[in-house]
Protein chains: 2
Amino acid sequence: MKKLRPYSQVIDFLRGSGLRPTRQRLALAKLLFDGDHRHVTAEILHAEALEAGVPVSLATVYNALHQFNKAGLLREIVVEVGRSYFDTNNSYHHHIFNEDSRELTDIEAGQINLTGLPEIAEGQKVSRVDVILRVKNNN
Amino acid sequence: MKKLRPYSQVIDFLRGSGLRPTRQRLALAKLLFDGDHRHVTAEILHAEALEAGVPVSLATVYNALHQFNKAGLLREIVVEVGRSYFDTNNSYHHHIFNEDSRELTDIEAGQINLTGLPEIAEGQKVSRVDVILRVKNNN
DNA sequence: GTGTTTGCAAAGTGTTTGCAATTTA
DNA sequence: TAAATTGCAAACACTTTGCAAACAC
């Protein structure tokens, strides 16, 4: 999902998810996926897009993020009320959340050993397992 | 935390947490802690209080829930944007969250084996570890 | 051309706040 | 009586929606 440099690749990347490569989606995809994994909020991404000279409305950023999420290109993470984080690392992994700085950090899945999860009820399927290590600063 | 029947016990219970036993807090504490563990939202608790004939404002319900949370009488759980759950089970345990019904269910801590959590950075302390098993209904 | 996507502004949701009136100790 | 608590209404932060205009194919 990294190194999407040439625009043609970003276009194919979006097309592969059934999304029309519009100017806005192209710019947002580049910001999100062209480089290291990131944890962004809609507001942050919106600000970055404007800064990069791509006029996008906040509503469109939300639309795009949800479309990317639905397409499996990223993951929505909820750790506090009233704020969604979008994680461009869509492989299985977990998080540290600093409740003071409100910062999210990845924990590699392989590092954690998690067993003994209960059987889920008939007619249900596991959508995801999240481990969130919540930390605070010592005063 | 259960079977608080006599009001005198609820009063002591609140006093023990440094909270004045006001009519509203007494009623809310009874609804929350007198019986089985519960997962409630502020709105649900508010509705229940009104139904029980105790006129409380929603703002006061929020105040009380946060005070109870701060006092360690319950735990706030965030699993989706824009909605807080308050869990009257304040012992260490985890959750199943049904993304369709938006229902929370407890997983006993002893049932899960979780090791390999990373060291946290200098100057930080663990506030909590949450495991959330997200499930969906099959269609 | 047809269907999709955008952007704006407005509405929505759950939560928090300010402050005067009330209640508790 | 002094300090804490309540309730209202207004403010808040973030997100979603409706719909006409713009765009992709």
Side-chain angles (χ1 to χ4, degrees), chain A residues 7-8 10-29 31 39-50 53-71 73-74 76-86 99 102 104, chain B residues 7-8 10-29 31 39-50 53-71 73-74 76-86 99 102 104:
Chain A
Y7 258 89
S8 61
V10 188
I11 290 174
D12 293 346
F13 173 73
L14 288 175
R15 280 236 177 75
S17 297
L19 297 169
R20 280 191 183 174
T22 63
R23 179 167 29 266
Q24 292 83 347
R25 291 210 272 237
L26 278 170
L28 296 175
L31 285 168
H39 300 109
V40 296
T41 62
E43 301 235 0
I44 289 172
L45 185 59
H46 183 224
E48 288 183 359
L50 297 187
V54 185
V56 192
S57 75
L58 187 53
T60 297
V61 173
Y62 274 107
N63 284 341
L65 284 171
H66 288 141
Q67 290 153 353
F68 292 174
N69 183 48
K70 197 171 174 188
L73 304 177
L74 45 70
E76 187 173 1
I77 313 277
V78 181
V79 282
E80 51 179 349
V81 264
R83 181 184 264 78
S84 264
Y85 291 83
F86 295 87
E99 297 177 340
R102 301 171 136 194
L104 272 178
Chain B
Y7 259 88
S8 61
V10 189
I11 290 173
D12 293 347
F13 174 73
L14 288 175
R15 280 234 177 76
S17 297
L19 297 169
R20 281 191 182 174
T22 64
R23 179 167 26 265
Q24 293 82 345
R25 291 210 274 236
L26 279 169
L28 296 175
L31 285 168
H39 300 108
V40 296
T41 63
E43 301 235 3
I44 289 172
L45 185 58
H46 184 224
E48 288 183 359
L50 298 187
V54 184
V56 193
S57 75
L58 187 54
T60 297
V61 172
Y62 274 107
N63 283 342
L65 284 171
H66 287 141
Q67 289 152 355
F68 292 173
N69 182 49
K70 198 171 174 188
L73 304 177
L74 46 70
E76 186 174 1
I77 313 276
V78 181
V79 283
E80 51 178 349
V81 264
R83 181 183 266 79
S84 264
Y85 291 83
F86 294 87
E99 296 176 340
R102 299 171 137 195
L104 273 177

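Convention: sequence-line order gives letters A, B, ...; per-chain numbering from 1.
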message: Tell me every residue that passes side-chain contact (heavy atoms from CB on, under 4.5 Å) with A:H46, counting only those two or more places apart in sequence or in another chain.
response: A:L50, A:L58, A:V61

task: Could you check how far CD1 of A:I44 sits from C1' of D:dA13, rounded to whole Å?
output: 14 Å

- prompt: Considering residues at least two apart in sequence or located in another chain, which fulfil the side-chain contact (heavy atoms from CB on, under 4.5 Å) criterion with A:I44?
  reply: A:V40, A:T41, A:E48

task: Determine, for nucleotides 12-18 of chain C in 5'-to-3' order, which nucleotides have protein heavy atoms under 4.0 Å from the base (write B), from only the sugar-phosphate (write S), or from neither (write -).
output: --SBBB-

- line: Taken in chain and number order and not counting sequence neighbours, the residues that satisfy salt bridge (charged side-chain N to carboxylate O under 4.0 Å, His left out) with A:R15 are none

query: Which stems, defined as runs of 3 or more consecutive Watson-Crick or G-U wobble pairs with both pairing distances under 3.5 Å, involve DNA chain D?
result: C:1-10 with D:16-25, C:12-25 with D:1-14

message: Please find the pair of heavy atoms, one from B:Y85 and one from B:R102, that lie closest to each other, and give the distance.
response: OH-O, 2.9 Å

query: A:N69 CG to D:dT16 C1': how many Å, rounded?
result: 15 Å

Can you name the atoms? Protein N/O to nucleotides 23-25 of chain D N/O, anything below 3.5 Å, with the distance.
unit_1	atom_1	unit_2	atom_2	d
D:dC25	OP1	A:R15	NH2	2.8

message: Tell me the interatomic distance from B:L65, atom CG, to D:dT5, atom P, rounded to whole angstroms.
response: 15 Å

- request: Evaluate the side-chain proximity of A:V79 to B:V78: yes if any heavy-atom separation is below 4.5 Å, no if none is.
  value: no

message: Using whole Å, what does the distance between atom P of nucleotide D:dA4 and atom CG of B:L14 come to?
response: 17 Å

message: Taking side-chain contact (heavy atoms from CB on, under 4.5 Å) as the definition, give me every residue that meets it alongside B:R20, ordered by chain and number, with sequence neighbours left out.
response: B:T22, B:R25

message: The criterion is side chain to side chain donor-acceptor pair (under 3.5 Å); which residues satisfy it with A:E43, sequence neighbours excluded?
response: none

field: Whole-Å distance separating the CG atom of B:L19 from the C1' atom of D:dA4
entry: 11 Å

Pairing residues for A:A71 by the side-chain contact (heavy atoms from CB on, under 4.5 Å) criterion, not counting sequence neighbours: A:S17, A:L73

- line: Residues at least two apart in sequence or cross-chain that pass side chain to side chain donor-acceptor pair (under 3.5 Å) with B:Y62, listed by chain then number, are none

task: Only counting residues at least two apart or in another chain, list the ones meeting salt bridge (charged side-chain N to carboxylate O under 4.0 Å, His left out) with A:E99.
output: A:R134

message: Rounding to an integer number of Å, can you tell me how far B:Q24 CD sits from C:dA21 P?
response: 18 Å

query: How long is the span from the NE2 atom in B:H66 to the CG atom in B:L74, to the nearest 0.5 Å?
result: 9.5 Å

